[in-house]
Structure formats: C-alpha cells, structure tokens
Amino acid sequence: MGSGTPWELFYTKLRRAGPYRTSDVRHAPPAVPSRPIPQPLRMQLTDQEKTRRENLTKLRELGIEPFPAALFPVSHLATDILSGVETDAEGNVTNFKEVTLAGRIMSQRIMGKAAFANLQDSSGRIQLYVSRDDIAPGEDKTMYNTVFKKLLDLGDFIGVKGFVFKTKTGETSVHVKELTFLGKSLRPLPTPKRDDEGHVYDEFKDPELRHRMRYVDLTVNPKIKETFRKRSRLITAMRQFLDDLDLMEVETPVLQPIHGGAAARPFKTHHNTLDVPMYLRIANELYLKRLIIGGFDGVYEFAKIFRNEGMDRTHNPEFTMVEFYVAYKDYNWMMDTTEQLLEHAVKAVNGDASTVVRIGENDVDFGGPYRRLSMADAIREYTGENIDGADEDELRAIAGRLHVPVDKTMGRGKLIDEIFGETVEAKLIQPTFITDYPVEMSPLTKKHRSKEGLVERFELIVNGKELANAYSELNDPIDQRERFEEQLELGKRGDEEAMALDEDFLRALEYGMPPTAGIGIGIDRLVMLLTGQKSIQEVLFFPQMKPEK
RNA sequence: GAGCCCCUAGCUCAGCUGGCUAGAGCACCUCACUUUUAAUGAGGGGGUCCAGGGUUCGAGCCCCUGGGGGCUCACCA
C-alpha cells in the first residue's frame with residue numbers, strides 16, 4: 001500500500017495516538033516479568049478490515065460522522081411494522097406514513113439506481129428500499145453512489161426515516177428517505193443466509209466461537225435471543241411469585257471466610273487487608289438461615305454460586321440458584337409451594353396458560369400436583385428391591401443384584417443414593433418429588449418425624465435429572481453440631497467435598513431458629529429444560545471458557 | 001478423567017493413493033442494472049493449510065510432540 005492513501009493517514013494517526021484504542025489494551029493484564037509481554041494488537045488486518053477502516057475515513061472526509069454522539073429518535077421496531085401494517089383494497093399500505101428505525105445492515109442487494117437492504121433491530125429484520133433519487137434528491141448523487149453503495153458495510157448501525165410500503169412480491173418494506181450512520185462496523189460479520197425452504201447456508205455455528213463472541217452470535221443468529229428472553233421471563237416470574245408470598249429478596253455474601261452449606265470444592269482467594277483466605281460461595285444456605293434466625297419469616301435470593309469442579313455441558317464453574325427459606329413451614333408445604341411456583345413460572349415462559357414443555361420425545365407437564373414418592377418406595381417400584389431397614393451388607397447385596405457399581409468406602413447413605421441414581425432417577429420424566437433421604441447424605445436436614453435413619457428432604461426430579469433440593473431445615477443446634485462433626489470425620493478421611501464446620505452458624509442456631517422449610521432450585525438447569533437446550537453453555541450468555549490462546 | 005472425531009480464506013466447507021501455482025460458495029473489491037430477496041451477470045483480490053519436529057526428490061495429506069476445539073461416557077447442581 002502506498003503512503004498517503006486515506007487508510008494510510010488514518011492508520012498513521014492511530015499509531016501516533018498510541019496503539020489502537022481498544023479496551024483490550026487498557027485492561028490487558030500487567031505483564032509478568034518472567035514471560036514475554038503478550039501482544040494484544042493485531043497489526044495484520046485482513047483486506048475486509050482495511051476496506052472498512054478506509055470507508056470510515058472516507059465518511060469523515062465527506063463530513064459524515066460514523067460514530068455520532070447524539071441520540072437517535074427511534075419510533076418503531078421492525079416487528080411493530082411487520083405485524084401492524086394495514087393495506088387497502090388495492091394492497092397499498094395505509095399506515096406507518098413516517099417511521100424511524102435503527103439497527104444493523106445485514107444484507108444489501110444493489111441494482112443500479114435502487115437497492116434493497118435488510119435492517120436488523122432488537123426485534124427482528126425488516127427490508128429497506130433505497131432509491132438513488134430519494135436519498136440524493138439534488139444533482140449530487142454522492143449520498144447514494146458513494147455513501148450508501150460503497151461506504152456502508154454489512155454490520156454497520158444506521159438509522160433510517162421513511163414510509164412503509166409493500167413491494168411487488170408483497171414484502172413489507174421501509175422506503176428510505178433519510179439515512180444516518182450510527183456506528184460503523186470494522187470487522188466483517190459472518191454471513192449466514194437462508195433460502196425459501198429455510199435451509200441455512202454458511203451458518204455461524206462453531207460453539208467455541210459462538211460462546212467466545214456471543215455478541216456476534218446474537219447478531220447473526222438472533223434466534224438464540226429467545227432462549228435468553230425465556231430465561232429472563234422465568235426469573236421475573238419466579239421473583240413475582242416469591243414476592244407475592246411475602247418473601248423478602250435479600251443479598252448475602254459471595255466472599256465467605258468459610259464455604260458452608262453444600263458439598264463441593266470452592267474457589268479460594270485472599271483478602272489483602274484482612275490477610276485471610278476467602279472463598280467464593282458454594283452455597284448461600286447458611287446465611288439465609290441466619291436471616292430466618294434473625295426474625296425474617298421468609299427470604300429468597302437469586303444467587304450466583306461458584307464451584308471449583310469439572311466443566312461440561314451441564315456444569316459451569318458459576319451458576320445460578322434461587323433459594324428460599326420460610327419459617328414455620330415444613331417440606332410438605334414446600335412441595336405444595338414448589339408445584340405452584342413452577343406452574344406459574346412455566347406458564348410465564350410459555351407465554352400462555354400451558355404448563356406443558358416438549359423435552360425430546362416427551363411432553364413434560366409442570367402443572368401440579370406432582371407425584372410424591374419416598375426414595376425407598378421409588379426403588380421398590382422400579383427394581384422390586386426393598387431397602388427399608390436394610391443394613392450396609394444387605395444394601396451391598398441389593399446393589400450387586402441390580403448391577404450397581406459400588407466401592408468399599410460407601411456407607412449406608414451413599415449406597416442408597418447410588419442405587420437410586422443408577423436404577424430410578426433417569427426413568428422419572430414427569431416432575432416427581434423423591435422424599436425421605438438417608439441421614440448420612442444430608443447434614444443440614446431435620447431428622448424425619450417418624451422414619452428412623454431418614455431425613456425430611458426431597459428432590460424434584462424432572463426428565464431424569466435433579467431440578468431442586470429441599471428440606472425441613474435442621475434447627476436443633478446440638479444435632480447440627482454432631483452432623484458437622486461427622487462431616488469433619490469424612491474430611492479427615494480425604495473427602496474433599498466434606499462440609500466445613502461453621503462455628504458462627506452453630507452459635508446462631510443456639511440462639512434459636514424456628515422450624516423452617518428451605519429449597520434451592522437450579523435456574524440454569526430449569527432454563528435448559530424449558531428451552532430444550534442440551535448444554536448449559538447455551539443458556540449462559542458468557543459460559544466459562546479456557547483462555548484464548 | 002477415558003474413548004472417538006475435528007482444526008485449510010472473514011463464514012461454511014472440498015482437497016483422491018503424498019505429486020504442477022491449494023480450491024468452491026457466500027463475504028470483499030471493480031463494472032453493469034430503479035421492486036430485489038440465497039438478487040443477477042462479468043471481472044478481480046484474499047491463505048503462517050493450528051504450531052514445532054520428522055520421513056520423503058516432494059507433505060494440507062504420512063509419523064511424533066505440543067496446542068485448541070467438538071461429541072460420547074463417568075462424577076459434582
């Protein structure tokens with residue numbers, strides 16, 4: 001490239017101003033002395049990137065600011081027009097005489113003195129019709145010949161003002177009278193196309209690229225927005241339901257000195273001023289119970305939880321749970337409430353009165369009441385084996401007969417859990433409450449009011465997977481201390497997931513806690529169910545990724 | 001963690017048994033075209049074939065090592 005071209009001048013200016021003003025540079029991690037300084041600047045631009053930068057410069061030379069500061073007064077969304085257009089007997093559009101829209105240019109079909117383009121806004125796409133003599137009415141045709149045809153690139157944000165009409169082929173379109181640049185795109189977007197039969201060509205589908213560059217994914221695959229809209233509607237509906245129950249939304253610490261309330265490996269960090277180790281929470285349960293102890297009758301929190309464990313299509317290191325705790329209730333009440341909550345939420349997500357969700361081959365109905373089955377009854381029903389009162393040796397024999405793999409370290413509780421998980425869980429497609437778990441697996445749960453060796457706990461299983469976990473909360477501080485001590489023993493034997501003893505929580509319990517029902521519902525898993533997504537990465541905007549090379 | 005598969009242009013992909021200057025469609029550039037719609041027609045540019053070693057007269061292709069990714073299975077929600 002010769003010097004002195006607009007591009008070259010622009011490029012030189014940029015270099016003089018300091019490197020390429022992207023936030024990459026400012027927020028780059030400080031260089032580690034022992035390693036080479038990472039080179040964040042991609043000085044090698046592709047032809048298409050160079051062209052776009054040249055176009056940017058040329059726009060400025062023509063007095064057109066590609067990144068204007070002023071607000072742009074949008075009057076309509078694309079879908080408002082597509083769904084609201086009215087025509088008379090001759091097929092002429094009778095409304096939308098003046099509309100102003102803004103969005104990205106996603107395609108251009110130029111035919112000499114006229115052109116069609118597609119504008120994509122947050123609601124969808126609408127076709128634009130641009131004719132030379134309309135946007136360049138005088139002698140000077142620069143606005144059309146140069147600005148529209150040459151300097152406008154796919155992906156640019158523009159605003160248009162015009163009127164609505166239908167083309168010969170009947171497509172509702174905006175006849176553009178005025179075009180405003182709102183934000184130039186300097187990189188070419190992937191260009192998926194769809195034909196009349198709905199076949200998509202050149203789809204942008206590499207999961208890694210889609211997740212790393214979710215902004216591109218959302219732009220070129222706008223359908224995926226629907227998953228995230230459903231996620232948002234779900235959370236809104238759940239919040240509304242919990243508010244209507246007179247529960248209070250609260251926030252509790254993410255940074256915790258002791259990672260309690262669940263069995264999982266934590267992320268460890270360090271607080272400099274206090275000079276103490278800290279953990280990102282693996283649960284918020286113990287804090288919510290402290291609030292019940294403090295006198296709130298009902299609290300809930302939509303909580304980001306962090307667990308330092310494997311990553312796969314159902315596990316992300318950070319995920320979202322809603323937990324709520326209600327005083328003077330028990331797990332039976334919580335089952336009733338959970339049915340109502342999910343029924344309400346699923347209707348909101350579906351957008352109608354339907355409580356049915358199609359999941360794979362099955363229609364799953366979230367309308368209550370759900371089947372309630374004790375763990376022992378479930379195992380009896382699905383395997384014919386009776387685990388009631390079985391000791392450890394008998395359980396091993398049962399596991400053997402059912403071909404459930406077990407190992408020597410497993411105690412009674414773990415054996416029952418394995419038998420259930422291997423033989424029953426996957427078969428429970430419709431929402432089912434499995435109740436009354438072995439005490440060994442549930443250190444925070446109240447002992448069963450009538451069944452020896454069990455606790456008042458339920459899990460909600462849907463489509464063969466756990467969706468929620470709830471208890472009558474253990475409020476006897478002496479029992480709680482014993483349970484923690486059993487966990488400490490497990491920890492000493494090498495169980496990395498054993499729960500830590502939280503002395504302050506025990507102190508709180510000793511001041512007295514009302515009987516309380518509590519539950520945690522995995523939001524990401526629920527969204528996966530309700531949107532038919534098979535991987536958690538598809539229901540998180542920004543799933544955790546390995547660092548980009 | 002185990003097994004299988006993949007990495008070639010901005011995107012989606014071909015590339016035979018190792019053999020001339022590595023290809024296609026879309027995107028991009030130039031030209032034509034005033035109701036197109038995967039617009040069309042003509043012409044053009046664009047590549048660290050993931051990286052590094054090896055075998056070979058010759059490697060996108062074979063071998064080794066490393067990196068990245070996907071899928072399936074097992075465990076944590």
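Hydrogens, waters and symmetry mates play no part in the numbers below; they use all other heavy atoms, side chains included. Residue numbers start from 1 in every chain, and the chains themselves are labelled A, B, ... in the order their sequence lines are given, proteins ahead of strands.
- The A:Thr51 side chain lies nearest to B:C29 when the options are B:G68, B:U34, B:C29.
- The nucleotide whose nearest atom lies closest to any side-chain atom of A:Asp206 is, among B:C28, B:U12, B:G70, B:U12.
- Partners of A:Phe484 according to the ring-ring contact (aromatic ring centres under 6.0 Å, His included) rule, which considers only residues two or more places apart in sequence or in another chain, do not exist here.
- By the ring-ring contact (aromatic ring centres under 6.0 Å, His included) test, A:Phe228 pairs with A:Phe541, sequence neighbours left out.
- The side chain of A:Asp202 has B:C26 as its nearest neighbour among B:G10, B:C26, B:U34.
- Backbone-only contact: A:Lys150 has heavy atoms under 4.0 Å from sugar-phosphate atoms and none from a base.
- Counting only heavy atoms from C-beta on, A:Thr167 has its side chain closest to B:U36 among B:C73, B:G10, B:U36.
- A:Arg109 comes within 4.0 angstrom of a base, heavy atoms only.
- Legend: residues meeting ring-ring contact (aromatic ring centres under 6.0 Å, His included) with A:Tyr129, ordered by chain and number and at least two apart, are A:Phe116, A:Phe165, A:His175.
- Between A:Asn118 atom CG and B:U35 atom P the separation is 17 Å, expressed in whole Å.
- Per the stacking criterion (ring centres < 5.5 Å, plane angle < 30°), A:Tyr201 does not stack onto the base of B:G25.
- Listed by residue number, the members of residues 464-474 of chain A with any heavy atom below 4.0 angstrom from RNA chain B are A:Glu466.
- Remark: A:Arg281 pairs with A:Thr252, A:Glu301 by the side-chain hydrogen bond (donor to acceptor under 3.5 Å, both in side chains) rule, at least two apart or across chains.
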Can you list, pair by pair, the side-chain donor-acceptor contacts under 3.5 Å of residues 416-427 of chain A, counting residues two or more places apart and other chains?
unit_1, atom_1, unit_2, atom_2, d
A:Thr423, OG1, A:Ile419, O, 2.6
A:Lys427, NZ, A:Thr423, O, 3.2

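- Base engagement by A:Ile110 is indicated by at least one non-hydrogen atom pair under 4.0 Å involving a base atom.
- For the strand RNA chain B, secondary-structure stems (runs of at least three Watson-Crick or G-U pairs, all distances below 3.5 Å) span B:1-7 with B:67-73, B:10-13 with B:23-26, B:28-32 with B:40-44, B:50-54 with B:62-66.
- Taking atom C1' on both B:G44 and B:A9, the two are 15 Å apart, rounded to the nearest angstrom.
- Look at the C1' atom in both B:G53 and B:G15: the space between them is 25 Å, to the nearest Å.
- Rounded to a whole angstrom, the distance from the C1' atom of B:A32 to that of B:A24 is 25 Å.
- Taking for each of A:Glu203 and A:Gly112 the nucleotide of RNA chain B with the nearest heavy atom, the 5'-most of the two is the partner of A:Glu203.
- Defined by atom type and a distance below 3.5 Å, a donor-acceptor pair is missing between the side-chain atoms of A:Tyr279 and A:Asn308.
- Distance from the side chain of A:Pro207 is smallest to B:G70 among B:G70, B:U12, B:A38.
- Only the P atoms considered, B:G54 is 24 Å distant from B:U8, to the nearest whole Å.
- Residues meeting the ring-ring contact (aromatic ring centres under 6.0 Å, His included) test with A:Phe458, sequence neighbours left out: A:Phe433.
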Could you tabulate the donor-acceptor pairs under 3.5 Å formed by side-chain atoms of residues 145-154 of chain A, not counting sequence neighbours?
unit_1, atom_1, unit_2, atom_2, d
A:Asp153, OD1, A:Asn55, ND2, 3.3
A:Asp153, OD2, A:Asn55, ND2, 3.0
A:Asp153, OD2, A:Lys184, NZ, 2.8

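- In this structure, the CG atom of A:Leu128 is 14 Å from the P atom of B:A39, given to the nearest Å.
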